[in-house]
Amino acid sequence: MDDQTRMLTGLAGLSGLTQPDVGDPDSVRKQQSLVQPQQDIGDILQQIMAITDESLDEAQARKHALNCHRMKPALFSVLCEIKEKTVLSIRGVQEEDPPDPQIMRLDNMLLAEGVSGPEKGGGSAAAAAAAAAAGGSPTDSSIEHSDYRAKLAQIRQIYHSELEKYEQACSEFTNHVMNLLREQSRTRPISPKEIERMVAIIHRKFSSIQMQLKQSTCEAVMILRSRFLDARRKRRNFNKQATEVLNEYFYSHLSNPYPSEEAKEELAKKCGITVSQVSNWFGNKRIRYKKNIGKFQEEANLYAVKTAVDAANVSAQASQANSPATPNSGGYPAPCYTPDGRL
DNA sequence: ACCAATGATTTGGC
DNA sequence: GCCAAATCATTGGT
């Protein structure tokens, strides 16, 4: 039996009780209504329709009149009695539903994406600093990155303002309903539990609206994300300086070209790229170098000279052209010098 | 348009 | 989780 049916039976009980039991002070009218029910209903309808034409003051006066009516306590007690009978069956219906797994998923995702939860101010500042440290113009990837962050911030802002709006509307509406119920409790019995239930119903409704908001926010983030990833797949070559830094490291560690996590971070910072990009680069470089050492000979020598010159400059012994510092004991063959005498 | 270079991704082994 | 290897997809020079 659902609530609606219960309500209907409750109402049926009400009419059954009130009509014969509650004495109508206007016996003439009662008789009339018994004799001519059609006309009476028409009369009531007319009265109801007339309500819309009444001014607010008139309505207030009417309400006041009802509250002060001498039969009001009697009506109230009758309503109480009816309620006693019906409330028992209503009580304990679907109390406290568990938190929706769907909404929990959405919440987790929004939190993970940084839409909800604390603002990530430090990250952007660090990225900007890294871009500045990389020297000169920021790379394209960082432009895309900031674009992504800006869009995400936009989504975040919309999400929060909407959420706030909903929450405000919810509390306003709840207040309104509670006031209404309190007002009505003067004429009909309303338990605090009922008010609570009503509030719960309102909150459920609003949370379903909230879920829609969360869902569409998630969608927006996903779309943004996929666009960003697509943009990343549209690769840009690293700038000359970055390649230089990476190659320098590679050829000066040719015996063991596997940078540690710290070294990768350092290189990433120097080049203005991510650590995984550094890893990709070294992965590609190792395999391509190994596959065709000959092809990389020139490059290897170039960087060998570079590091040698650097080392020489540092040690302030430029006159002695030492062989490059390429400690070699591992799997990657050392570069050999070109026969054209370029060292 | 073609093609080598190159950054990113996938696959499979450890 | 890192690596090698293969492969994909784009870039940039010709």
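Note that the coordinates shown come from a computational prediction; the quantities given were computed from them, not determined experimentally. To find a chain, count down the sequence lines: A is the first, B the second, and so on, and within it residues start at 1.
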Exercise for the section: Please state how far atom CG in A:Asn247 lies from atom P in B:dG7, giving the value in whole angstrom units. Expected result: 9 Å
Problem - Integer-rounded Å distance: C:dA4 C1' and A:Asn280 CG - result: 13 Å
Problem - Short side-chain N/O contact from A:Lys290 to OP1 or OP2 of C:dA5, under 4.0 Å - result: yes
Exercise for the section: Could I get the full list of salt bridge (charged side-chain N to carboxylate O under 4.0 Å, His left out) partners for A:Glu266, not counting sequence neighbours? Expected result: none
Practice task
Indicate, with yes or no, if the rings of A:Phe250 and A:Tyr303 have centres closer together than 6.0 Å.
Solution key: no
Problem - Whole angstrom value for the distance that separates P of C:dC2 from CD1 of A:Ile287 - result: 17 Å
Practice task
Verify whether the ring centers belonging to A:Phe296 and A:Tyr251 lie closer than 6.0 Å.
Solution key: no
Handout entry: Integer-rounded Å distance: B:dG7 P and A:Phe250 CZ
Key = 13 Å
Problem - B:dA8 phosphate, OP1 or OP2, under 4.0 Å from A:Gln277 side-chain N/O - result: yes
Problem - Interatomic distance where CZ belongs to A:Phe296 and P belongs to B:dT6 [whole Å] - result: 7 Å
Problem - Pairing residues for A:Arg288 by the salt bridge (charged side-chain N to carboxylate O under 4.0 Å, His left out) criterion, not counting sequence neighbours - result: none
Handout entry: For atom NZ of A:Lys264 and atom C1' of C:dC2, their distance in whole Å
Key = 7 Å
Exercise for the section: Write down the distance between CZ (A:Arg288) and P (B:dT6), rounded to a whole number of angstrom. Expected result: 8 Å
Problem - Residue pairs fulfilling salt bridge (charged side-chain N to carboxylate O under 4.0 Å, His left out) with at least one residue in residues 249-262 of chain A, sequence neighbours excluded - result: none
Exercise for the section: Sequence neighbours left out, what passes side-chain hydrogen bond (donor to acceptor under 3.5 Å, both in side chains) with A:Ser279? Give chain and number order. Expected result: A:Lys264
Expected rows: protein N/O vs nucleotides 11-13 of chain C N/O, under 3.5 Å:
unit_1 : atom_1 : unit_2   : atom_2 : d
C:dG12 : OP2    : A:Arg236 : NH2    : 3.0

Problem - Rounded distance in Å - CG (A:Asn284) to P (B:dT9) - result: 11 Å
Problem - All salt bridge (charged side-chain N to carboxylate O under 4.0 Å, His left out) counterparts of A:Glu248, not counting sequence neighbours - result: none
Exercise for the section: Output the single nucleotide from C:dA6, C:dA4, B:dG7 whose closest atom is nearest the side chain of A:Tyr258. Expected result: C:dA4
Exercise for the section: Kindly say if A:Lys295 contacts the phosphate of B:dA4, meaning a side-chain N or O under 4.0 Å from OP1 or OP2. Expected result: no
